[in-house]
K.L.:
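I have a structure here, written as structure tokens, and I will follow up with some questions on it.
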Amino acid sequence: MTLSGGRPNGSAKESTRCIHIRVLGVAPFVDDNPDPEVVEVSLLAAPMNVTFDDGRVVPMFAFNGQIPGPLLQAKLGDRVIVHFTNQLSEPTTIHWHGVRVSDSMDGSPRISSPIQPGESFTYDFVVRDAGSFWYHPHMHSNLQVEMGLYGPIVVRGSADPEFDVERFFTVDDLLLDANGRVAAPLATPMESHHGRIGNHLFTNGRLDAVSLPAIEAGQVERWRLVNAANARTMSLSLSGARFRVIGTDGGLLRAPYTVQRLEMASGQRYDLEVVFDEPGHVALSSLVLTADADGQAREIAVPIVETEVSPSTRAPRVITYPASQVPELRAASAEVRLELDSTGGGHHASHLGWRINGQMHPEAPIFTIPEGSAVRLLFVNRDAPEHPFHLHGQFFEILENGQRSTREPGLKDTVLVPGRATVEVLAYLDNPGRWMLHCHILEHAELGMMAEYIVNPAAAENRP
Ligand code: C2O
Ligand code: CU
Ligand code: CU
């Protein structure tokens, strides 16, 4: 998307106003379509030798020659057309994670045939929700996503508050082997058990911290974060600035909230309001476990974004969020229990199997529900590893004792189900079609924890 200067003069002023806010951090797509209501871009997946700042060269995959892939930017209601070409040596598809497209555009290899090497496919959909989303392949994704195939998406709503600056950070980790290559997938029992945990943090395509130019005190920014790691739940903290959580998977929250540490599971997004009050050093850090010399596990904070705040007399602007009434929870018309467990020979088997209701990659849909239903989904985790569970095509709210969660409010498409715990959500199945549901630990998904569910279209006269 060309953010300024690239659009012809004829564009409708009011409807394009908001798109001129620049999102920093990731180079955007070039929008080839002059129509202000259409975003039309080209996307190419191909192998690439990535040269990092320290001189090392790592063979990876990239979208349009960059990691992360270009920022896709649209406003609510826009039609998005993506001409995709696969130049990998293996089939792939693109999934628009969190964007409520139709099932035929969702990148499910069960519905639309995979795009073979050398082939192209045009994705075409309308964006119906404002928020922070992302795109990534949905085939062999434990390898393809790890190799660098993912990119951010911003959909703006007309009532989006304005910030001094917006930034997008793709938060990831990367597992490099002793030869400095991306390690082969699923080579260790550990990886099939807990998913692939990288030995390098990898933020906006950098192996070291992203260093932002100095920021003047008084600036207020919107930071959009996605966890693009195969498996690692990112535990984030911010020092030197104040922040509030203002949005998540399904867009802006009804009310911002504060946390000390932000736990962001694979696939999830968080939008932060960051206020730079005081001059000094600012760091967004990821807390990681390392082993001491004596083998003791220790938590350290590794900076992934850093900047300096310079003094100024400017007072931070006060952002007002669109006040909205909290609607009653919709009444659930059904309850579905999803038992999550594993099978196989334990730590010495090379591959565990991960199951949903006793099956790996079940053929038959897990459940079928009419469009417009609210359904209580119970994720019952029988094992110690956690499962960030993801539903395609819809949003849900996390429940605590039958009520809306106050710790994790807002519309979600991915929920972290901790080890040996049960988590309940209320899913709004408003988007008809055949949809995937799976663990977003991409190794677990690859090893069986991926299924389908069906939302039957309502009769035309019952449609909203
Ligand atoms: Cu981000 Cu089906 O995944
Ligand atoms: Cu998804
Ligand atoms: Cu899992």
Side-chain angles (χ1 to χ4, degrees), residues 41 43 45 63 69 72 79-86 88 90-129 133-145 149-151 153 249 267 336 338 354-357 359-373 375 377 389-396 413-414 427-440 442 444-460 463:
V41 300
L43 182 65
F63 281 130
L72 180 64
R79 178 175 170 200
V80 174
I81 303 167
V82 181
H83 301 285
F84 172 66
T85 301
N86 179 12
L88 306 171
E90 58 183 68
T92 193
T93 67
I94 308 295
H95 170 56
W96 314 94
H97 182 133
V99 183
R100 294 192 297 165
V101 299
S102 70
D103 59 0
S104 60
M105 291 293 148
D106 197 45
S108 166
R110 297 204 196 195
I111 294 184
S112 25
S113 14
I115 301 140
Q116 298 300 323
E119 287 189 351
S120 298
F121 181 80
T122 297
Y123 291 93
D124 190 339
F125 52 86
V126 171
V127 286
R128 302 158 53 192
D129 303 289
F133 310 104
W134 64 302
Y135 58 94
H136 62 79
H138 223 286
M139 285 198 69
H140 201 189
S141 55
N142 63 311
L143 175 86
Q144 295 186 7
V145 175
L149 294 180
Y150 55 80
I153 303 174
D249 299 350
V336 177
L338 298 149
W354 289 99
R355 306 190 296 191
I356 303 173
N357 291 350
Q359 285 186 285
M360 292 180 276
H361 291 128
E363 274 298 313
I366 293 279
F367 59 91
T368 299
I369 295 278
E371 176 187 352
S373 319
V375 173
L377 299 177
F389 221 89
H390 172 47
L391 236 65
H392 284 213
Q394 342 278 335
F395 294 119
F396 52 77
D413 56 47
T414 306
Y428 303 122
L429 305 181
D430 295 335
N431 191 11
R434 259 176 76 188
W435 302 104
M436 321 269 293
L437 74 168
H438 61 91
C439 178
H440 218 285
L442 301 176
H444 291 178
E446 194 70 14
L447 296 173
M449 200 168 266
M450 176 145 57
E452 274 187 308
Y453 71 98
I454 292 182
V455 179
N456 272 333
R463 295 207 117 147

K.L.:
Given side chain to side chain contact (heavy atoms under 4.5 Å, CB included), test Ile111 with Asp106 step by step and report yes or no.
P.N.:
CA-CA 9 Å; Ile111 294 184; Asp106 197 45; over 6 Å; no

K.L.:
From the options His361, Arg434, His392, select the one residue that forms a side-chain hydrogen bond (donor to acceptor under 3.5 Å, both in side chains) with Glu452.
P.N.:
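The passing option is Arg434.
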
K.L.:
With heavy-atom distances below 4.5 Å as the criterion, would you say the side chains of Asp129 and Val99 are in contact?
P.N.:
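Side chain of Asp129 against side chain of Val99, heavy atoms only: no contact under 4.5 Å found.
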
K.L.:
Nearest 0.5 angstrom please: Leu338 CG to Leu437 CG, how far?
P.N.:
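Answer rounded to 0.5 Å: 6.0 Å.
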
K.L.:
Which value, rounded to the nearest 0.5 Å, describes the distance between Leu149 atom CG and Leu143 atom CG?
P.N.:
8.5 Å

K.L.:
Which atom names give the shortest non-hydrogen contact between Arg79 and Asp124, and what distance separates them?
P.N.:
NH2-OD2, 2.6 Å

K.L.:
Quick check for you: to the nearest 0.5 Å, what is the distance between Ser141 atom OG and His95 atom NE2?
P.N.:
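Going from OG on Ser141 over to NE2 on His95, the span is 9.5 Å.
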
K.L.:
Considering non-hydrogen atoms only, spot the tightest contact between Gly433 and Asp103 and give its length.
P.N.:
CA-OD2, 3.2 Å

K.L.:
For residues Val145 and Pro137, determine if any side-chain heavy atom of one lies less than 4.5 Å from a side-chain heavy atom of the other.
P.N.:
yes

K.L.:
Stepwise, does the side chain to side chain contact (heavy atoms under 4.5 Å, CB included) test hold for Ile369 with Asn456?
P.N.:
CA-CA 6 Å; Ile369 295 278; Asn456 272 333; over 6 Å; no

K.L.:
Run Thr122 and Ile81 through side chain to side chain contact (heavy atoms under 4.5 Å, CB included) and show every step you take.
P.N.:
CA-CA 7 Å; Thr122 297; Ile81 303 167; 3.6 Å; yes

K.L.:
Taking the six-membered ring for Trp and the single ring otherwise, decide whether the centroids of Tyr123 and Trp96 are under 6.0 Å apart.
P.N.:
yes

K.L.:
Kindly compute the distance separating CG (Leu442) from CE (Met450), expressed to the nearest 0.5 Å.
P.N.:
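These two atoms lie 8.5 Å from each other.
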
K.L.:
Please report the closest heavy-atom contact between His438 and Ala445, naming both atoms and the distance.
P.N.:
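That would be ND1-CB, 4.0 Å.
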
K.L.:
Determine yes or no for a side-chain-to-main-chain donor-acceptor pair under 3.5 angstrom, with Asp413 supplying the side chain and Leu391 the backbone.
P.N.:
no

K.L.:
Do Phe395 and Arg100 come close enough that some side-chain heavy atom pair is under 4.5 Å?
P.N.:
yes

K.L.:
What distance do Asp430 atom CG and Arg128 atom CZ have between them, rounded to the nearest 0.5 Å?
P.N.:
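Here the rounded value is 8.0 Å.
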
K.L.:
Would you call Val41 and Leu72 a side-chain contact if the rule is heavy atoms closer than 4.5 Å?
P.N.:
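Yes, their side chains come closer than 4.5 Å.
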
K.L.:
Determine, using ring centers only, whether His138 and His97 are less than 6.0 Å apart.
P.N.:
no

K.L.:
Which atoms form the tightest heavy-atom contact between Gly98 and Phe133, and what is the distance?
P.N.:
O-CE2, 3.4 Å

K.L.:
Would Gln144 and Glu90 count as having a side-chain donor-acceptor pair, cut-off 3.5 Å?
P.N.:
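Indeed, the side chains of Gln144 and Glu90 share at least one donor-acceptor pair under 3.5 Å.
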
K.L.:
Closest approach of Pro365 and Ile454, non-hydrogen atoms and distance?
P.N.:
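Minimum heavy-atom separation between Pro365 and Ile454: CG-CD1, 3.7 Å.
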
K.L.:
Carefully, step by step, assess His136 and His440 under the rule ring-ring contact (aromatic ring centres under 6.0 Å, His included).
P.N.:
CA-CA 12 Å; His136 62 79; His440 218 285; 5.4 Å; yes

K.L.:
Taking the side chain from Thr93 and the backbone from Gly107, do they hold a donor-acceptor pair closer than 3.5 Å?
P.N.:
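Checked: pair present.
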
K.L.:
I need the Ile115 CD1 to Thr92 OG1 distance, nearest 0.5 Å.
P.N.:
6.5 Å

K.L.:
For Phe63 and Tyr135, run ring-ring contact (aromatic ring centres under 6.0 Å, His included): C-alpha distance rounded to whole Å, both residues' side-chain angles, the deciding distance at 0.1 Å, then the answer.
P.N.:
CA-CA 10 Å; Phe63 281 130; Tyr135 58 94; 5.3 Å; yes

K.L.:
Does the Ser108 side chain pair with the main chain of Arg110, one donor and one acceptor, at a distance under 3.5 Å?
P.N.:
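Side chain of Ser108 to backbone of Arg110, a donor-acceptor pair under 3.5 Å: yes, one is there.
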
K.L.:
Assess the residue pair Asn431 and Trp435 against the criterion (side chain to side chain contact (heavy atoms under 4.5 Å, CB included)); give the C-alpha distance rounded to whole Å, side-chain angles, the decisive distance to 0.1 Å, and a yes or no.
P.N.:
CA-CA 9 Å; Asn431 191 11; Trp435 302 104; 3.4 Å; yes

K.L.:
For Glu371 and Pro457, indicate whether the former's side chain and the latter's backbone hold a donor-acceptor pair under 3.5 Å.
P.N.:
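Looks like no, no N/O pair under 3.5 Å.
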
K.L.:
When you look at Tyr453 and Phe367, which way does the ring-ring contact (aromatic ring centres under 6.0 Å, His included) test go after all the steps?
P.N.:
CA-CA 5 Å; Tyr453 71 98; Phe367 59 91; 5.0 Å; yes

K.L.:
Could you work out, with side chain to side chain contact (heavy atoms under 4.5 Å, CB included) as the rule, every residue matching Ser104, not counting sequence neighbours?
P.N.:
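So Ser104 forms a side chain to side chain contact (heavy atoms under 4.5 Å, CB included) with Ser102.
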
K.L.:
Between Pro117 and Pro91, what is the shortest heavy-atom contact and its length?
P.N.:
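Closest pair (atom of Pro117, atom of Pro91, distance): CD-N, 4.0 Å.
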
